[in-house]
Amino acid sequence: MNRFMQRAIALSIENIRAGRGGPFACVIVRDGRVIAEGVNCVTSTNDPTAHAEVVAIREACRKMCAWQLAGCDIYTSCEPCPMCLGAIYWARPSRLFFANTAQDAAAIGFDDHFIYEQLGLEHNMRSIPTAQLMREEALEAFSLWNSMASKVEY
């Protein structure tokens, strides 16, 4: 286990030295071997979703030709942010390991506590104005999905 976390930490350091993005990296392991790696490349790709965990999950799923990471372990250099944690839960790996804490990240300017606070607020109280539109029309897609016999549930 330690060698996979060591790899994630080394990748996070390499990412800083290469100037590609933030100090975060992720390694996904299955059956004792690395199947995917990812580093934070938000600023180098102008993609706010290009966090290390999301990059690694996308690569692992592509390689496995699957949308779930059954039997996989995720090693990440820092406790995942809310977005990454959501992606991890959707991917359903077996286990998650992290090195730095969210507090460690906050101490260097990567503070995601405000997102957790926003999630608990009513829509009209959030810092990004949020409003629901056209629910009745949108429910048609849900109805179609619910009645589809060939759907792949996840």
Side-chain angles (χ1 to χ4, degrees), residues 1-123 125-132 138 141-142 145 150-154:
M1 278 197 231
N2 283 347
R3 70 183 168 115
F4 301 123
M5 185 58 77
Q6 287 171 340
R7 177 65 181 155
I9 293 167
L11 285 170
S12 70
I13 294 167
E14 288 173 24
N15 200 46
I16 295 303
R17 290 187 175 144
R20 289 187 299 254
F24 307 100
C26 179
V27 174
I28 300 179
V29 175
R30 186 171 188 193
D31 297 326
R33 63 182 191 84
V34 174
I35 61 167
E37 297 177 337
V39 295
N40 178 286
C41 49
V42 169
T43 56
S44 63
T45 62
N46 295 316
D47 180 353
T49 69
H51 289 203
E53 296 90 339
V54 173
V55 170
I57 288 168
R58 288 175 180 159
E59 180 64 12
C61 289
R62 186 189 65 75
K63 285 183 176 176
M64 292 174 56
C65 296
W67 48 271
Q68 291 185 336
L69 297 176
C72 294
D73 292 334
I74 295 180
Y75 295 84
T76 185
S77 63
C78 187
E79 186 174 357
C81 75
M83 177 184 69
C84 292
L85 192 58
I88 289 165
Y89 271 91
W90 280 114
R92 296 179 175 94
S94 295
R95 297 183 296 183
L96 168 65
F97 302 96
F98 65 90
N100 291 317
T101 67
Q103 293 80 15
D104 296 331
I108 62 163
F110 293 94
D111 191 356
D112 55 20
H113 184 73
F114 77 97
I115 297 171
Y116 289 106
E117 290 175 347
Q118 290 291 302
L119 291 173
L121 297 175
E122 295 292 326
H123 294 136
M125 299 298 292
R126 294 180 180 172
S127 63
I128 296 176
T130 304
Q132 184 177 23
F142 283 13
W145 170 262
S150 62
K151 66 183 169 222
V152 178
E153 295 195 31
Y154 58 97

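Below, all heavy atoms of this structure are taken into account, side chains as well, without hydrogens, waters or symmetry copies.
- The heavy-atom pair separating Arg33 from Phe4 by the smallest distance is N-CZ, 4.5 Å.
- Shown here is Tyr116, whose OH atom has more than 12 heavy atoms of other residues, nucleotides or ligands within 6.0 Å.
- In this structure, Ala60 and Ile28 approach most closely via the heavy-atom pair CB-CD1, 3.8 Å.
- A heavy-atom distance below 4.5 Å is not found between the side chains of Asn40 and Pro23.
- Taking every heavy atom of both residues into account, Pro93 and Cys72 meet most closely at CB-O, 3.5 Å.
- Residues Trp145 and Lys151 are in side-chain contact: their nearest non-hydrogen atoms beyond the backbone lie under 4.5 Å apart.
- Taking the side chain as every heavy atom from C-beta outward, Val39 and Val55 never approach each other to under 4.5 Å.
- Of all heavy-atom pairs between Ala56 and Gly38, the closest is CB-N, 3.7 Å.
- Between the CG atom in Asn100 and the CD1 atom in Ile9 there is a gap of 7.0 Å [rounded to 0.5 Å].
- Rounding to the nearest 0.5 Å places CH2 of Trp67 at 13.5 Å from CD1 of Ile57.
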Start with the C-alpha gap between Ile74 and Cys26, add the side-chain angles, then the distance that decides, and say whether side-chain contact (heavy atoms from CB on, under 4.5 Å) holds.
CA-CA 7 Å; Ile74 295 180; Cys26 179; 3.6 Å; yes

Mind listing the side-chain donor-acceptor pairs of residues 107-115 below 3.5 Å, one per line with the distance, residues two or more places apart or on another chain?
unit_1	atom_1	unit_2	atom_2	d
Asp111	OD1	His113	N	3.0
His113	NE2	Glu117	OE2	3.1

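- Atom CG of Leu85 is separated from atom CH2 of Trp90 by 13.0 Å, given to the nearest 0.5 angstrom.
- Atom CZ of residue Phe98 and atom CD of residue Glu79 lie 4.0 Å apart, to the nearest 0.5 angstrom.
- In this structure a side-chain-to-backbone donor-acceptor pair under 3.5 Å is present from Lys63 to Ile35.
- Contact record, His51 with Val42: CD2-CG2, 3.5 Å, taken as the closest heavy-atom pair.
- The backbone N or O of Ala25 sits less than 3.5 Å from a side-chain atom of Ser77, completing a donor-acceptor pair.
- Here the CD-OG1 distance, from Glu53 to Thr76, works out to 3.5 Å after rounding to the nearest 0.5 Å.
- Using a 4.5 Å cut-off on side-chain heavy atoms (C-beta onward), Cys41 and Asp47 make no contact.
- Counting heavy atoms from C-beta on, the side chains of Cys84 and Val54 come closer than 4.5 Å.
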Please step through side-chain contact (heavy atoms from CB on, under 4.5 Å) for the pair Arg7 and Glu37, ending with a clear verdict.
CA-CA 9 Å; Arg7 177 65 181 155; Glu37 297 177 337; 2.7 Å; yes

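- A pairwise comparison of heavy atoms in Met64 and Gln68 identifies CE-O, 3.9 Å as the closest pair.
- Side chains of Asn15 and Ser12: no donor on one and acceptor on the other come within 3.5 Å.
- Side-chain atoms of Pro48 and Met83, non-hydrogen and from C-beta on, never get closer than 4.5 Å to each other.
- Under a 4.0 Å N-O distance rule, the pair Glu14/Arg17 does not qualify as a salt bridge.
- For the atom pair OG1 of Thr43 and CZ of Arg20, the computed distance is 11.0 Å after rounding to the nearest 0.5 Å.
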For the pair Arg58 and Thr49, evaluate side-chain contact (heavy atoms from CB on, under 4.5 Å) and give the outcome as yes or no after the intermediate values.
CA-CA 11 Å; Arg58 288 175 180 159; Thr49 69; 3.4 Å; yes

